[in-house]
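Okay, so here's the structure we're looking at.
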Amino acid sequence: MPGTILENLSTKKLSVLLSVFLLSQLACFLLGLIAPSPARTQTILATVCVDEDPLSSRDDADQWFTRQCRKTVNLEDPKATDGLDANNLVFVAEMPLHGLDYSRWQQNLVGILQIDMYYQKEQKISNPLVELTLESRLAYSDKTSNGGKTPWKYFSHAEEKRYMNCSFDENANRGEGYQYECTMVSLFELGSLFHDYYLLNLRLPYNSTSNKNTALGRIHDIYLHTIYMNGGFTKVWVSLKTVFFPILVAIMTWFWHRVHKLNRTPVLLEYMLITVGGTLTFLNLPIEFLSLFFEMPYMLLLSDIRQGVFYATLLSFWLIFAGEHMLIQDTAERNTLRKYWKHLSTIIIGCLCLLIFDLCERGTQLVNPFYSIWVTPIGTNLALAFIILAGISAGLYFFFLCFMVWRVFKNISIKRSVLPSMSQARRLHYEGFIYRFNFLMLATLICAAVTIVSFILSQVDEGQNKWDETMDLELSSVIHTGVYGMWNIYICAMLILYAPSHKQWPSDVACTEGEEVEFSRIPNESTSNEISALTTFSTKANLD
Amino acid sequence: MPIEWTILKRNQPVSIYVDVVMTLTLCFLLSIVSINLTVAARRQQTNGTWMRMGLLMDDRMQNDRGFPSCKNLPGLSAGQRRLCQLYVDHMGAVAFGAKHALTECKHQFRSRRWNCSILNDSDAFGPVISIASRESAFAHALASAGVTHAISRACRDGQLTSCGCSRTTRPKNLKKEWVWGGCGDNLEYGYKFTQSFVDVRERERKFKRGTREQGRVLMNLHNNEAGRRALIKKSKVTCKCHGVSGSCSLITCWQQLASFREVGDYLRDKYDGATEVRVNRRGRLQLLDPRVTIPTAYDLVYLEDSPNYCVKDEATGSLGTQGRVCNRTSPDIDGCNLLCCGRGYNTLKTVIKERCQCKFKWCCQVECKTCSRTLDVHTCK
């Protein structure tokens, strides 16, 4: 009777395999130690340039203001801005600062605006929700071979609205000289950092008829916070992927080869396993290398989709894994995906919602990097609707999953009470594989728990002030590589341990006497149908 | 050391005064010795302070000819001059920070007996700062905070080449390693630079343990640190999620500088709750009154009582409160009763015209009406 490798593996071999997994897990954590944190910020204080002739520069697409512009003003000094109006001011941010240049390893760039608006006793803002109209233009430039810069070239341009929530606590003994507590405003998101330098020219035009920037208070400074991936982290990350990719391909080939050697068509769980492996391979495929040579602004979207597909199949796999070990009903036909349509639809709906949301936001950003879905009320409602729908389906999914797992465990415990009445050899055998099944369930739970806990840890860790000199350890990159490695190892383990075994059950040959009842086939079920003895076992439990 | 010499010469009036005192009060030998010691300490202190850089005009600091050379900058100690030569581009920010601190000091003390009077002498504050008083503690902390603030801000402005990714020596080498993974926070850089620049003048002078001078050094170091920490304490951490679909699987945080007024208010509270300490024989600061709580690194400490700021006294640098505007109804320190030290006040009825019902139009226009109202102005006798 064919079973899976997990059931037929000797404890010695299993422990060897497990220690190999643990060692590679340790290696993944250690790899994270050498990497810098995944992302960092560079804060740029915008230089305020004076555009003497705003009308003509509006038409001229190739006129750029840089930090070396002819005339700058200090907005803190009210006298300096005499005679100027909003159209004269250009906020210039050159990215990056400090004589650096972007590397293509840095993958992507997020720009966030911080607007320092100062409180004036006589000129309070009328509405805490400030509507901003931002006219932003991006240019790029590259390094030349002799160390210079190519002239700035047009990259993108948009006039966008943003909302900023500002508050001021007048009771807390505050007055002039304090700034409003305003929320940050996300400005742009570049899916690829193909060029070496970028330049932002930002204007906040004033127009009372079209209601542009009429609610603004006195601004002193505008900061641009740029978030980039660390090149070092990308290198470590991509190398991790490059290592896992061929390993996983090899394991998948071996698995599929083994399944095909059997005298039967593959069962659902085997299809699911190979699909999960496939999506993980797709996720592991190091296409990041291509972004070093080609401009690929769709990389962000692509990596979102790759991750989404993997999560979706992994979630479906758990569901079907639990379902196949419980047997919702015992029918003659082979189990197909159709049987799980109720449960799977939660995943499909959830993922579709997130996909549509992502396509709306990041898809549009391919064309206009300044786009944000959250600005217009319709967009916000739509985005919220999608996210809430995804959340509901996630909740439903977990309800289904927990219910199924609970039923599996109930079946097992029912069978356990029957165990003492079995013969010695058979009992030991059953106990062994119940233990191994529980062990793998436990592994899944541990993996999930480790993931959740580590991400919470990384959030807490990031949110703290880091002033301790001795803490030079990058927790968040350790967490990222560790968790990524963990799921890879988990899938590898599943593929290896749940591959069909070619061994015959020793007990089948040894003690057939008196145990036929225990192992007699369920009526109408074909021999090649089950994937493991546990399936048979739990089916029987159901019948009992 | 020719520079030290010229500065010492400038302080001749103080020495002459001391000499007069000495000759007049020969019989109180002991007290004379003690005064002499204090003055010796003061003389050491008053070789000018770098805070004077804040009095330089901005345009002088950032003119076309570039930055004035380190030799021409006022009040730098030997170690600070060395740092100045290493980080010439930082000096504009240091001057800006000092200026900010002086302005803020004036604002915080506008209605106190000591109104943070800035004098155009080598100390910027006059002899007041050479007394190890609360006011001196506050001035040191505020100046230190001001420089940290200005350096951090200048980093973000792109003026300073060495900040940001300065954990290793030069960005070039670093980039090859881990492409900017080592970039620290600007605030951290500001903190570290200020630590070396402001504290070096205290560290380069060596005094015998347990002496007043050594106590003063410890006090200054403590208050400088308190100032820097005040800035850090008031800064805000802001985070942004940028993981899959904008989820928080990836989160990045950074420090946001508070407005300097907020730091000033915080330090003024610390000034009000400053702790008096003394230096013990082992050369450590010790509580004068063991019942009070031990000051933390965020608290201010001082060694001497404040001089009497009520009356004009050139020796201590007090300008007196005569002629100061006070608030008749306030029971606090800005009230006429306390501010005028019980001498009474004059009242003058004036009509003032001021802007009212203003409407702000981004970016640069304020539309106001003019209102006039009569006001009683009280000034101390």
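To find a chain, count down the sequence lines: A is the first, B the second, and so on, and within it residues start at 1.
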Which answer fits [X], side chain, backbone, both or neither, if we ask what part of it has an atom under 4.5 Å from a heavy atom of chain B?
X      : result
A:Q114 : side chain
A:R218 : both
A:S126 : neither
A:L89  : side chain
A:T47  : side chain
A:N88  : neither
A:L204 : both

**OP:** Give a yes or no on whether a salt bridge exists between B:K240 and A:E189, defined as a side-chain N under 4.0 angstrom from a carboxylate O.
**Re:** no
Original post:
Looking at A:L84, A:I227, A:N213, A:V483, which one has more heavy-atom pairs under 4.5 Å with chain B than the rest?
Top reply: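 Greatest number of close heavy-atom pairs with chain B: A:I227.
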**OP:** Return the option, out of A:T214, A:L300, A:L216, with the maximum number of heavy-atom pairs under 4.5 Å with chain B.
**Re:**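 Winner by heavy-atom pair count: A:L216.
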Original post:
Taking the side chain as C-beta and beyond, is there a heavy-atom pair between B:L250 and A:H480 under 4.5 Å?
Top reply: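 Heavy-atom side-chain distance check passes, below 4.5 Å.
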**OP:** Find out whether B:T252 and A:Y228 are in side-chain contact, i.e. whether some heavy atom of one side chain is under 4.5 Å from a heavy atom of the other.
**Re:** no
Taking atom [atom1] of [X] and atom [atom2] of [Y], what is their separation to the nearest 0.5 Å?
X      : Y      : atom1 : atom2 : result
B:Q256 : A:Q179 : CD    : CD    : 7.0 Å
A:I219 : B:F360 : CD1   : CZ    : 7.5 Å
B:C253 : A:H225 : SG    : NE2   : 11.5 Å
B:S259 : A:D116 : OG    : CG    : 8.5 Å
A:Y223 : B:D157 : OH    : CG    : 8.5 Å

**OP:** Tell me, out of B:R261, B:R156, B:H107, who's got the most heavy-atom pairs with chain A below 4.5 Å.
**Re:**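 Heavy-atom pairs under 4.5 Å are most numerous for B:R156.
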**OP:** Measure B:Q357 against the heavy atoms of chain A and call it side chain, backbone, both or neither at under 4.5 Å.
**Re:**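 Backbone only.
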Original post:
Would you say A:Y484 has more than 12 foreign heavy atoms packed within less than 6.0 Å of its OH?
Top reply: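 Counting neighbours around OH of A:Y484, more than 12 heavy atoms of other residues, nucleotides or ligands fall under 6.0 Å, so yes.
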**OP:** Given salt bridge (charged side-chain N to carboxylate O under 4.0 Å, His left out), test A:D85 with B:K361 step by step and report yes or no.
**Re:** CA-CA 9 Å; A:D85 75 23; B:K361 253 174 83 181; over 6 Å; no
Original post:
Of the non-hydrogen atoms in B:G158 and A:R67, which two are nearest, and what is the gap between them?
Top reply: O-NH2, 3.4 Å
